[in-house]
Amino acid sequence: MLEQKLNDPSLLKQAGFINGQWVNAKDGKTFEVFNPAVGEVIANVADLGTKETLQAIEAAQVAFDDWKVVPAKQRSSLLRRWFELVLDHQEDLAVIMTFEQGKVIAESRGEIAYGASYIEWFAEEAKRIYGDVLPSTSADRRSLVIKQPVGVVGAITPWNFPNAMITRKVAPALAAGCTIVLKPAAETPLSALALAELGRRAGIPAGVFNVVVGTDAKAIGAELTSSSIVKKITFTGSTAVGKLLMEQSAKTVKKTSMELGGNAPVLIFEDADLDKAVEGALVAKFRNAGQTCICANRILVQDSIYEEFISRFTARVSEFVLGDGVSSTSTMGPLISRKAVAGVTSLVDDAVSQGAKICIGGSASNNGDHFFQPTVLRDLNTSMRLAKEEVFGPVAPVFMFSSEKEAVDMANDTEFGLAAYMYTKDHSRIWRVGEALEYGMVGINETAISSEMIPFGGVKESGQGREGSKYGLEDYLEVKYFCLGDI
Ligand SMILES: NC(=O)c1ccc[n+]([C@@H]2O[C@H](COP(=O)([O-])OP(=O)(O)OC[C@H]3O[C@@H](n4cnc5c(N)ncnc54)[C@H](O)[C@@H]3O)[C@@H](O)[C@H]2O)c1
Ligand SMILES: O=C[C@H](O)CS(=O)(=O)O
């Protein structure tokens with residue numbers, strides 16, 4: 001049982017969190033949460049819907065009137081306390097995450113630290129929300145700008161990073177003086193509810209941070225996007241759903257922040273440090289069993305080093321140990337669902353049917369229903385689905401290119417533009433290729449590019465807005481201009 005694994009079993013919450021209270025569904029409905037590694041039910045969580053979402057929005061509106069005038073330093077202190085409590089409970093939060101999402105425990109511990117870093121960062125940024133005094137337009141008037149919170153925020157988050165994708169939204173929202181209604185993914189509600197419990201213990205006032213858990217994402221999302229009380233929607237998830245939410249938000253002209261899908265290329269040029277390129281591509285591809293938005297979705301290798309790269313990379317991939325993420329011997333966990341395994345399988349089968357060769361792996365593993373073998377494919381062409389679609393699984397398609405121009409054209413031949421990576425020692429090439437790549441983030445001889453201090457986000461159909469860094473707060477603030485006459 002999950003609670004028996006926890007030092008503090010009271011962190012395991014199975015109800016929604018609205019206006020500082022744990023609430024069950026008005027109709028008493030619940031839904032099951034599964035451990036993807038073993039297929040066991042680990043929790044039965046309240047299945048909230050439209051009525052409870054409206055209740056949460058109204059609570060957030062009432063709370064906003066008080067929260068927006070809490071001095072920045074006090075908001076900062078509350079966020080700092082929340083940060084400290086998250087780190088104090090890092091192990092329990094990591095165990096909860098591995099049980100409901102499947103990632104290996106070391107990665108879960110890492111995500112808790114990463115998620116906490118956003119709370120720490122925005123606790124600090126809360127005290128740096130500055131306005132401007134502008135040059136006068138005439139002798140008898142003065143112009144100035146203040147910044148104010150946008151208001152009630154609706155947030156919808158994915159299952160692949162069930163802690164950090166939440167704190168990356170809730171922390172800046174609260175730092176700016178906004179209140180928030182969060183709908184986490186139904187696959188991973190427990191991490192969100194544990195964060196809400198620790199926020200409550202930190203002293204974050206009732207109604208400021210609300211969590212609506214439920215399986216009817218469409219209904220909850222419709223309520224959040226149609227309400228005139230909700231002034232902003234912040235979403236992390238697939239591009240298809242992001243487009244839908246943007247459409248729904250247009251009717252009330254909401255601000256939107258969108259962190260959407262990716263199709264990250266790794267460009268490995270013949271002058272690259274091949275050891276670094278192999279290790280970088282390995283991390284970029286197989287983190288969270290390939291289920292991250294900035295995973296290496298295509299590995300593009302220059303023809304003269306293609307065989308050497310394939311040999312070294314495949315050797316390293318053969319070292320992964322598939323298994324239950326709670327086991328310290330496992331280095332890769334399951335995918336989130338059987339549907340995910342089927343999706344990855346169809347992408348591999350499509351490539352092989354068109355002539356791609358399997359270097360290692362290539363099919364679902366017999367470890368259990370949700371496992372897929374770490375896979376390397378070679379001899380691919382750009383007509384294959386793997387060249388266009390987000391894999392979201394442990395499959396590394398290695399494409400070949402001849403010239404720098406061909407590499408850039410291949411890399412940019414996608415509607416996505418989140419992250420891209422390149423390995424080269426040529427500094428002129430770094431600037432030429434870096435500026436030509438149509439992506440929001442570019443890793444150069446490095447693929448571990450994420451932190452709370454950088455502007456995370458993409459261009460094209462990978463989204464709009466940035467999360468983290470000094471830029472991440474602006475999405476939760478409105479600029480107000482004062483014109484002082486009769487001076
Ligand atoms: N850019 C980023 O920072 C980032 C981070 C993580 C994941 N992602 C992307 O998310 C996708 C994988 O996550 P996923 O499968 O959870 O994505 P998803 O879009 O299916 O679901 C994301 C969230 O949206 C909700 N949702 C689904 N349909 C909805 C609807 N009609 N109305 C309202 N809410 C709805 C889901 O319940 C979930 O909470 C991938 O495309 C990945 O690239 C992007
Ligand atoms: O999956 C998307 C995450 O944003 C990736 S990261 O952990 O922020 O690098």
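Numbers here are sequence positions counted from 1. When a ligand or atom number is given, it counts from 1 through the structure's own listing order.
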protein heavy-atom neighbour closest to atom 33 (C) of ligand 1 works out as Ala217 O, 3.3 Å

among protein heavy atoms, the one nearest atom 37 (O) of ligand 1 is Lys183 NZ, 2.9 Å

message = Looking at Gly261, is its backbone amide N or carbonyl O close enough to the side chain of Thr239 to form a donor-acceptor pair, meaning the two atoms are under 3.5 Å apart?
response = yes

Should Phe161 be listed as contacting ligand 1, given a heavy-atom distance under 4.0 Å as the test?
no

*Glu111 near ligand 2 by a heavy-atom separation under 4.0 Å*: no

**Prompt:** Got a sec: does the NZ of Lys5 have more than 12 other heavy atoms crowding it under 6.0 Å?
**Reply:** no

With heavy atoms and a 4.0 Å threshold, my read on which part of Asn160 contacts ligand 1 is side chain

for atom 43 (O) of ligand 1, nearest protein heavy atom and its distance come out as Glu390 OE2, 2.5 Å

Going by the 4.0 angstrom heavy-atom rule, the piece of Thr292 near ligand 1 is neither

Restricting to heavy atoms, the pick from Glu467, Arg168, Met165 nearest atom 3 (O) of ligand 1 would be Arg168

For Ile294, the atoms of ligand 2 under 4.0 Å from one of its heavy atoms are 9 (O)

Open item on the list: Please report whether ligand 1 has a polar contact with Thr236, defined as an N or O pair separated by less than 3.5 Å (distance criterion only).
Closed with: no

The atoms of ligand 1 lying under 4.0 Å from a heavy atom of Leu244, numbered in the order shown, are 31 (N)

Ligand 1 to Phe392, heavy atom cutoff 4.0 Å, flagged ligand atoms 12 (C), 40 (C), 42 (C), 43 (O)

NZ of Lys470 to CG of Leu473, rounded to nearest 0.5 Å, is 12.0 Å

Heavy-atom proximity to atom 29 (C) of ligand 1, picking from Leu245, Thr225, Val241, points to Val241

Original post:
Among the heavy atoms of Gln291, does any lie under 4.0 Å from an atom of ligand 2?
Top reply: no

Under 4.0 Å between heavy atoms, the region of Arg168 that gets near ligand 2 turns out to be side chain

The protein heavy atom nearest to atom 20 (O) of ligand 1 is Ser238 OG, 4.1 Å

Going by the 4.0 angstrom heavy-atom rule, the piece of Phe235 near ligand 1 is side chain

Exercise. Hey, is ligand 2 close enough to Met165 that some N/O pair sits below 3.5 Å?
Worked result: no

protein heavy-atom neighbour closest to atom 38 (C) of ligand 1 works out as Thr157 O, 3.3 Å

Please check whether Thr292 reaches ligand 2 - meaning an N/O of the residue sits under 3.5 Å from an N/O of the ligand, judged on distance alone. no

Nearest non-hydrogen contact to atom 10 (O) of ligand 1 from the set Ser337, Cys293, Gly237, Gly242 belongs to Gly237

Next on the checklist: Is it the case that ligand 1 has an N or O less than 3.5 angstrom from some N or O of Leu260?
Outcome noted: yes

Ligand 2 atoms nearer than 4.0 angstrom to some heavy atom of Cys293 are 1 (O), 2 (C), 3 (C), 4 (O), 5 (C)

